[in-house]
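Naming: A, B, ... by sequence-line order, numbering from 1 per chain.
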Amino acid sequence: MRASQLYAPTLREVPAEAELISHQYMLRAGLMRKSASGIYSYLPLGIRVLHKIMEIIREELDKADAQEILLPIVQPAELWEESGRWNEYGPEMFRLQDRHQRHFCLGPTHEEIITALVRADVRSYRQLPLRLYQIQNKYRDEIRPRFGVIRSREFIMKDLYSFDRDEVSAQESYRAMYDAYTRIFARCGLKTHPVEADTGAIGGDQSHEFMVLGDAGEDLIVFCPDCGYAANVERAECAPFDSAGEQETLAELEEIATPDVTTVEELTRILKIAPGRVLKTMIYLADEKPVAVLIGGDYDVNEIKLKRAIQCNQLELAGAQTIREVTKAPVGFAGPIGLGIPVYADYSVERIVNGVSGANKEGYHLRNVNIYRDYTPAAILDLREARAGEKCVRCGKVLDQARGTEVGQVFYLGTKYSMPIKAHFVDQDGQEMPFVMGCYGIGVSRTMAAIIEQHHDEDGICWPVSVAPFAVIIVPVSYKDDEQRTAADGIYKILQDAGIEVILDDRDERPGVKFKDADLIGYPLRITVGPKHLKEGYVELKLRSSHTQLLVSIDDVKDQVESILDRIGE
RNA sequence: CGGGGCGUAGCGCAGUUUGGCUAGCGCGCCUGCCUUGGGAGCAGGAGGUCGGAGGUUCAAAUCCUCUCGCCCCGACCA
C-alpha cells in the first residue's frame, strides 16, 4: 500500500474530547473516528488491527475445539422473557419495535439466542461438548460512555458458549477457555492478570476476569503478593477479624447530643475516636423492603456482596423519606438499637467494643454500644469492600490493590439459562438433562485500546508485530529523487513479494512529516531510504519500540527484515 | 439521572462579560515557487446556516426562551 493512497487521516493536535492516551492516539493516528457518543467508525488502520486481534482469537479458539458461528444483533423479546432477563436487564438494553410493534432488542449479549439455537438442534450427549463462538457487535446503552472504545455503547466482542453434559466436563471447558485466553492476550502483546470476579448480569457462580493493570482502569482489584490470590473488589472475600478484639470492659450505654453531626467523619472529629469505632448504619431497600446494614465506620458496603448475601433482586439505598419512617430521624442518626427492621452486620462490627452509633433520634448518638448486649444482628456476613492492607483470605498475608481494565471474562454458568429455556439433551441413560453451560467474552475493541495503553511512547503507538496494521514502512527522505525512488520502489516490491505487510510513504512531504506520522501510527519497523547511505547501497532499519537502528545493504533488506520481525514478534 | 463545562472552517482556539461595518487566529487543505534526515519558507486561494428553533432590537456569534449534541465528575456497568 502506498501512503499517498492510504486513508489514514492523522491529526497533529490532540482532539479535545480524548483524555486517555489510547483514545488520543486512536484518533490522532487515524484508526477511528467518533460517530456519536460511544459509537465509533473504524478506518483502514483501525480495522486492520482489529482483524489481527480477531485472527489470533480464532486461531486459539479453534485449537481449543471451538467452532465459529454468527448470531443476529436484533433479537426477539420473547427469548428474553423466557429467561426472565427482559425485565431484569434494565435500561442499558437497547429496546426497539418493528413496524408491527413487535418487541426486539439489540443484543447486549447472546446467551438467550444461542441457548435457543442449541436447544433446537442438539439432542444427544454424543454431540457434546459443544463450544460455539462468534465475533459480533454488541450494544449496551451505557449510562456514560467514556475512555473512547474502552467503554462504548457499540463494541466488538468475541463471545463463546460451552455446552457440556455434566459439571466435570463443563469445568474442563472452563479451564480450556481460561488457558486459551491466557495465550490470546499474550500473543496480542498484553500483560493480563486473571482475577476472581463477580458474575453481574450474566449470572452463574464462578468467574474470572482478565485484567490489564493501569491507572486508567475502571475496576479495582486486590491481590496477595504472597500466595497469588487476586480478585475484583466486587468479589474479593474479606476475612472475619480475629475475635480477640480490644480487651476493654463494656461500659454503660450513654446518649450524647450531636446536633447536625450526620457523617462518620464529623463524628470521629467531635468525639475524637477512630472511624473503626463507629457503627455505620446504612438503610437499604431490598426488593422494596427496608433493611439495615451495619458496618465499621472505616469501611464501605459492597452492594454486590449484600445483594448476594441476603438474596434479593433489587437493591438500592433508601431515600430520605424511608429513612425517616424507619429510624424516626433524618439521615445521619440511624443506629442498630431498637430498629424494627432486619439488621445485617459486616464482620467488621463484631469486634467493636463500646462503639458509637446513631440513636434513631434527631440530634443524638449513642456511646458504648455493644453487640449482643445492646442489639443482635439478624446475621453477621461479609459485606464490606476489600482493599489494600486487609488480610488475605487464603494465606493471611497482607493484600495489595491496583486498578485494572477488564479485557476478558470467563463464566461458569451451570444451568442458569438451560433450565428456564428448557434446553435439554438426552444423556447416556436416556434421561433428559439441561446443558451445563459456560460463557466467555473478550472485548475486542477494548483490547485494541488496552494494547495501546501498554505499548506507546510520547511520539505515538508502538504496535507489537502481531497486531500491527502493517509491519514495515519504507520512508524515502525524498521520493522525488530518482535514486531514492528507485531504491524505495525496489525494496517495496521485494518485501511485498515476500508476503510482508508494507507501506511505502511515497508522499511529497518533508521527511520530518513522514517520520512523525510513522511514529504516531506505530509501524514496528521503519526503513529509511536516504542520501546519506544510499550511495554505498545501504538503507537504515529502525525499530519503533526500542529505537535501535542499523544499516543494511539493500541486498540484505529482505532477510534482515524477516529475521527482525521474527525476533521481535515473539 | 444529579453536579460542572463546552458547541464559532477538517483539528485546536479567540471573539460573547459591555450587541455595531465584510466573523478572526494557528495548524491542516488547494495552486505556484522554493526546499528536503524529525511536523520548513514565500506568495496566492478555497473553506462558516457562529449546534438548531423562536424571540428582543435599527442591528445578534454576543441578550432572552426553548431545544439538540458533546465532554468531565458521580450513581451504573464489560
Side-chain angles (χ1 to χ4, degrees), chain A residues 9-20 23-24 27-28 30 33-39 89-93 107-110 138-159 197-202 207-212 217-220 232 234 303-304 307 314-317 404-411 439-447 449-450 458-460 475-481 484-485 505 507-520 526-534 539-540 542 547 549:
Chain A
T10 55
L11 301 175
R12 188 177 290 209
E13 292 177 89
V14 180
E17 67 188 51
E19 199 153 83
L20 217 60
H23 190 190
Q24 293 176 0
L27 294 170
R28 285 192 57 205
R33 288 291 182 260
K34 183 173 68 182
S35 298
S37 178
I39 297 177
Y89 217 98
E92 76 174 30
M93 185 193 270
T109 175
H110 287 71
K138 287 190 167 23
Y139 293 79
R140 294 185 193 170
D141 198 0
E142 290 292 339
I143 287 174
R144 178 148 88 91
R146 61 180 132 180
F147 301 144
V149 101
I150 295 211
R151 175 158 304 274
S152 53
R153 294 194 290 175
E154 175 175 346
F155 58 103
I156 304 171
M157 188 164 168
K158 182 287 302 177
D159 47 322
D198 180 66
T199 54
I202 307 288
S207 177
H208 285 86
E209 287 168 330
F210 286 76
M211 291 285 190
V212 173
E218 290 183 279
D219 289 288
L220 192 60
N232 194 312
E234 292 178 346
E303 296 184 4
I304 291 167
K307 217 166 152 178
Q314 282 200 323
L315 181 77
E316 54 178 354
L317 271 172
T405 299
E406 179 200 332
V407 288
Q409 187 165 9
V410 293
F411 297 87
C439 85
Y440 315 85
I442 290 178
V444 177
S445 32
R446 176 184 277 192
T447 295
E458 61 286 351
D459 292 316
V475 181
V477 168
S478 171
Y479 194 63
K480 277 184 176 168
D481 178 272
Q484 290 180 44
R485 188 176 61 247
D505 199 339
R507 294 176 302 168
D508 182 19
E509 290 285 356
R510 295 174 59 83
V513 172
K514 292 184 273 197
F515 293 150
K516 286 287 183 189
D517 271 350
D519 286 349
L520 179 61
R526 188 181 88 197
I527 301 174
T528 309
V529 180
K532 275 189 203 165
H533 307 291
L534 194 54
V539 294
E540 289 162 45
K542 184 169 187 192
H547 300 100
Q549 248 182 113

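Across A:Gly38 and A:Pro145, no two heavy atoms sit closer than the pair CA-CB, 3.7 Å. The minimum heavy-atom distance between A:Asp519 and A:Arg526, with the atom names listed, is OD1-NH1, 4.0 Å.
One P atom belongs to B:U62, the other to B:A9, and the distance between them is 15 Å to the nearest Å. Separating the C1' atom of B:G54 from that of B:C68 is a span of 14 Å, rounded to the nearest Å. Spacing between B:C63 and B:U31 at atom P, rounded to whole Å, works out to 41 Å. Here, B:C33 and B:U49 have their C1' atoms 38 Å apart, quoted to the whole Å. B:G26 and B:U22: their P atoms are spaced 22 Å apart (whole Å). Separation of the C1' atoms belonging to B:G41 and B:A60 is 41 Å when rounded to the nearest angstrom. Atom P of B:G32 sits at a distance of 43 Å from the matching atom of B:C72, rounded to the whole Å. Look at the C1' atom in both B:G4 and B:C11: the space between them is 25 Å, to the nearest Å.
Distance check: A:His533 NE2 to A:Thr528 OG1 gives 9.0 Å after rounding to the nearest 0.5 Å. Distance OG/A:Ser478 to NZ/A:Lys514: 6.0 Å, rounded to 0.5 Å.
A:Ala18 comes within 4.0 angstrom of nothing in the nucleic acid, heavy atoms only. Using a 4.0 Å heavy-atom distance criterion, A:Val475 is classed as making no nucleic acid contact. Within 4.0 Å of A:Glu13, counting heavy atoms only, lies at least one base atom of the nucleic acid. Contact annotation for A:Glu142: base contact, defined as any heavy-atom pair under 4.0 Å involving a base atom.
The partner of B:U17 cannot be assigned: no Watson-Crick or G-U wobble pair with both contacts below 3.5 Å exists in any strand. Across all strands shown, B:C77 forms no Watson-Crick or G-U wobble pair with both distances under 3.5 Å. Base pairing of B:G69 is made with B:C6, judged by Watson-Crick or G-U wobble geometry with both donor-acceptor distances under 3.5 Å. The pairing partner recorded for B:U35 is none, the criterion being a Watson-Crick or G-U wobble arrangement whose two distances lie under 3.5 angstrom. Summarising the base pairing, B:A59 is matched to no nucleotide, lacking a Watson-Crick or G-U wobble pair whose two defining distances lie under 3.5 Å.
Atom CD in A:Gln24 sits roughly 14 Å away from atom P in B:C71 (whole-Å rounding). Spacing between atom CD1 of A:Ile150 and atom P of B:C72 amounts to 12 Å, rounded to whole angstrom units. The CG atom of A:Asp141 sits 19 Å away from the P atom of B:A75 (whole-angstrom rounding). Going from atom CD of A:Glu92 over to atom C1' of B:A75 covers 14 Å, rounded to whole Å. Taking atom CD on A:Glu218 and atom C1' on B:C73, their separation rounds to 13 Å, with Å as the unit.
Under the side-chain hydrogen bond (donor to acceptor under 3.5 Å, both in side chains) criterion, A:Lys542 pairs with no residue at all, not counting sequence neighbours. Partners of A:Leu20 by side-chain contact (heavy atoms from CB on, under 4.5 Å), not counting sequence neighbours, listed by chain and number: A:Ser22, A:His23, A:Phe147, A:Ile150, A:Ala216, A:Glu453. Residues satisfying the side-chain contact (heavy atoms from CB on, under 4.5 Å) criterion with A:Arg510, sequence neighbours excluded, are absent altogether. Listed by chain and residue number, A:Tyr479, A:Asp482, A:Asp489 satisfy the side-chain contact (heavy atoms from CB on, under 4.5 Å) test with A:Arg485 (two or more places apart in sequence, or in another chain).
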Where protein sits on nucleotides 36-51 of chain B, one letter per nucleotide: B base, S sugar-phosphate only, - none, heavy atoms under 4.0 Å: BBBBB-----------

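A side-chain donor-acceptor contact under 3.5 Å links A:Gln24 to the backbone of A:Ala18. Proximity of a side-chain donor or acceptor of A:Arg33 to a complementary backbone N or O of A:Leu27 within less than 3.5 Å is detected.
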Would you tabulate the nitrogen or oxygen pairs shorter than 3.5 Å linking the protein to nucleotides 2-9 of chain B?
none

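Of the candidates B:G12, B:C76, B:C77, B:C76 carries the atom nearest the A:Glu303 side chain, counting heavy atoms from C-beta on.
Sequence order on RNA chain B of the closest nucleotides to A:Asp219 and A:Glu17 puts A:Glu17 first from the 5' end.
For B:C11, the OP1/OP2 oxygens have no side-chain nitrogen or oxygen of A:Arg33 closer than 4.0 Å.
Using a 4.0 Å cut-off between charged nitrogen and carboxylate oxygen, A:Glu218 and A:Arg146 count as a salt-bridge pair.
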